[in-house]
Amino acid sequence: MNDMSLLERRVDTKDTKISARKVQVFYGDTHAIKDVDVDIQDKTVTAFIGPSGCGKSTFLRCLNRMNDTIDICRVTGDIMLDGEDIYDRRVDPVQLRAKVGMVFQKPNPFPKSIYDNVAYGPKIHGLAKNKAELDEIVEKALRRGAIWNEVKDRLHAPGTGLSGGQQQRLCIARAIATEPEVLLMDEPCSALDPIATAQVEELIDELRQSYSVVIVTHSMQQAARVSQKTAFFHLGNLVEYDDTSTIFTNPSDPRTESYITGRIG
Amino acid sequence: MPVLWLVLAVLGIALVGYVLGRSLALASAGGEIRNLHSLPSYYGSNVAMKAAVPALLLLVVWLIVQPFVVNGMVSGMIPESEISEGSNLGLVMAEVHRTSEGLSNAVAAGIIDEDTARNPGADPETMTDRLKDAGQVVTSTLTAPILAAAQRYRALHDSGAWIMSGVVLVLALAGLIWGLRESQAEFRARNTVEQGIRALLIAAASIAVLTTIGIVLSLIFNTIEFFRLYPAAEFFFSLNWAPSFSGRGGSSELGIIPLLWGTLYISFVALVVAVPVGLFAAVYLSEYATPKVRAIAKPLLEVLAGIPTIVYGLFALLTIGPILLSVFGDDTVGWMQGQRAVMTAGIAMGIMLIPFVSSLSDDIINAVPQSLRDGSYGLGATKSETIKQVILPAALPGIVGAILLAASRAIGETMIVVLGAGAAARLSLNPFEAMTTVTAKIVSQLTGDSDFASPEALVAFALGMSLFVITLGLNVLALYIVRKYREQYE
Ligand SMILES: Nc1ncnc2c1ncn2[C@@H]1O[C@H](COP(=O)(O)OP(=O)(O)OP(=O)(O)O)[C@@H](O)[C@H]1O
Ligand SMILES: [Mg+2]
């Protein structure tokens, strides 16, 4: 890890996109997230790090209410997206998820063609008036997903026939095709080889131009490479949240320091 | 010695062998289990196996072969003159068997003594009367050759049984000694027992396969026999089904098409009922129902699968038929004349198939990975959008397989059709008319006093064979599709 480049990386002060206050999550009796306060900025990559089972995925899934699909899961506290409480009764979780997209740990293309995979979201949300517009959206998403060149000749081949890395980029393209404002990524590179990882990381860096990106990762190097802000979770608590460079060079909490230097985990 | 006692004796020897083998092995290791190659019980099992298995196998083979051998030896004693006009050797031999059994039973009942029964000089007429006195069925007066044959048959049968008992017991004891001699510490009893178990499993599997082959062969032979008596082209292409019921009328028309039409029509109605209901039930159970509802509803639905089909038949006849008749009968539109109709049977059969379709589809829908659902919800899709656009397409091949399996059950279903659809073979499009199916006709051709050599009875085998080919084809197709679908997610 090159500390110099970390220090040099410029972090703008930006608007807050998501702000969470006193968030608690319970799975039945298990208290998975305890009193988490966090402000996620717009046009920034925020990394969630922490040992396995500390609640990173759980917290990430709170941000687009994916936890609603788990029967035993209960969320309390406030999570505001652009100043609006997403757990408010009037908010439609389905609409919310169109605004807060998600990419999962394991690539999960639908058993449809590559084209239909990407067109799925735009079709559901009526983003295209006609076929030509839809074609355009699909092409744009695939280009931004850095996979267009590889698939442009076989758009109608099944998405499940791609390699793991291509599938993951397809899933990213699928997620950005709905024009979300925030993109949540749960260990998006854990199934990928270093080359595909590098491609995805490059992509994340590009996405930062227009989106707020939150990425869960187990790789310190990755967090340091792609993110501007880093949050360290431990046993359901948010231990420390700061600029990535600060977390990796000068953490204030001893637990953060032990984790990033590999002593707990 | 009766066979049961013989079996018990062999098992007794095996049990003794087990105990002896165990202790012998232990003794050879100086009482230390760790010095043995295998656990002591393996040595015991090895001895028991060697004592019991060859002896019992021999017993089975002997029991199968002996009648053939004895028959062969006795049938030579029957002179040509005994075989009367219109009869054959088989019938005379049956008479011989009956007489020999009659002799044995009479001896057992104390009516005649053993010496009389064996006496080669006994007068056939007195013997006939005696047997009649003893309540043993003797059709006509016995003739000397038949009596002699019966006596010889009896003697051979009895001595055969004694020899068998002796040989089986000797074999068991030989096995016992062989096994005991092996019971030494260094003998690999564990591996031997393992091989024995393997052989047992292979034997079980072969029995299943061989029976299937046997059934198919018997179908094929009888079908060939039928086509010798009745032209195949008529059978496959004639549009009429009109067997002459006397069984010897010669003017029967035995075309499969009207029956096949009835079968397919009723199955089609059944699938129209079962597929949507079953599929929607499966979607509800796997996607919408809370665990509590699911825990109650799923078993309830599966209870439907446990109801005997005759009950569905009664339901068709007593409930569905009258309801349909009141709606479509002469009082209203006049489409329906009687309670028995394609619709009556089809609806009952559809209800029978609902749990079949729903539980198979439920399994298949559950096999669609959760990650696909998450992916769809994560893009802002609703539940029904996810089901319609992601889950069902992903599960489609499996569901098609389930439907094909259901179809093959519908085609083979009998009782519902017998009760609900009527007996008239008819080519008609009106679903409110009575029709009949292949299975129902197989039943009616073989029930009652049918002469198994007439084409009217043998046609049942040709019908069965056609049905078998159709359902086999459907099943193979279904399994192929289901398997292909499984691979997709593994
Ligand atoms: N569906 C669930 N039902 C019950 N408990 C759950 C469920 N999902 C997560 N948990 C519990 O919540 C806690 C946090 O889990 P979470 O998946 O958020 O961890 P994580 O930080 O993402 O770990 P990892 O790095 O291994 O992915 C764990 O103790 C876990 O056992
Ligand atoms: Mg996780």
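Residue numbering restarts at 1 for every chain, and letters A, B, ... go by the order of the sequence lines.
- Residues of residues 374-383 of chain B lying under 4.5 angstrom from chain A, judged on non-hydrogen atoms, are B/Asp374, B/Gly375, B/Ser376, B/Tyr377, B/Gly378, B/Leu379, B/Gly380, B/Ala381, B/Thr382 by number.
- A salt bridge is defined here as a Lys NZ or Arg NE, NH1 or NH2 lying under 4.0 Å from an Asp or Glu carboxylate O, and B/Arg373 with B/Glu287 meets this definition.
- For A/Arg174, the parts lying under 4.5 angstrom from a heavy atom of chain B are both the backbone and the side chain.
- Of the two parts of A/Phe104, only the side chain, counted from C-beta on, holds a non-hydrogen atom closer than 4.5 Å to a non-hydrogen atom of chain B.
- Neither side chain, A/Arg97 nor A/Asn64, offers a donor N or O lying under 3.5 Å from an acceptor on the other.
- The closest side-chain donor-acceptor pair between A/Ser57 and A/Asp186 falls under 3.5 angstrom.
- Between atom CD of residue A/Glu181 and atom CD1 of residue A/Ile18 there is a gap of 9.5 Å, rounded to the nearest 0.5 Å.
- Heavy-atom neighbours of B/Lys298 NZ from other residues, nucleotides or ligands within 6.0 Å: above the threshold of 12.
- Heavy-atom distances place no part of A/Pro180 under 4.5 Å from chain B, backbone and side chain included.
- Between A/Asp82 and A/Lys99, none of the side-chain N atoms (NZ, or NE/NH1/NH2) sits under 4.0 Å from a carboxylate O, so this pair counts as no salt bridge.
- Between the side chains of B/Thr439 and B/Thr437, a donor-acceptor pair is found at a separation under 3.5 Å.
- Interface remark: A/Val100 contributes backbone atoms only to the contact with chain B (heavy atom separation under 4.5 Å).
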Under 3.5 Å, sequence neighbours excluded: what are the donor-acceptor pairs made by side chains of residues 404-412 of chain B?
{"residue": "B/Ser408", "atom": "OG", "partner": "B/Leu405", "partner atom": "O", "Å": "3.1"}
{"residue": "B/Ser408", "atom": "OG", "partner": "B/Asn475", "partner atom": "OD1", "Å": "2.8"}

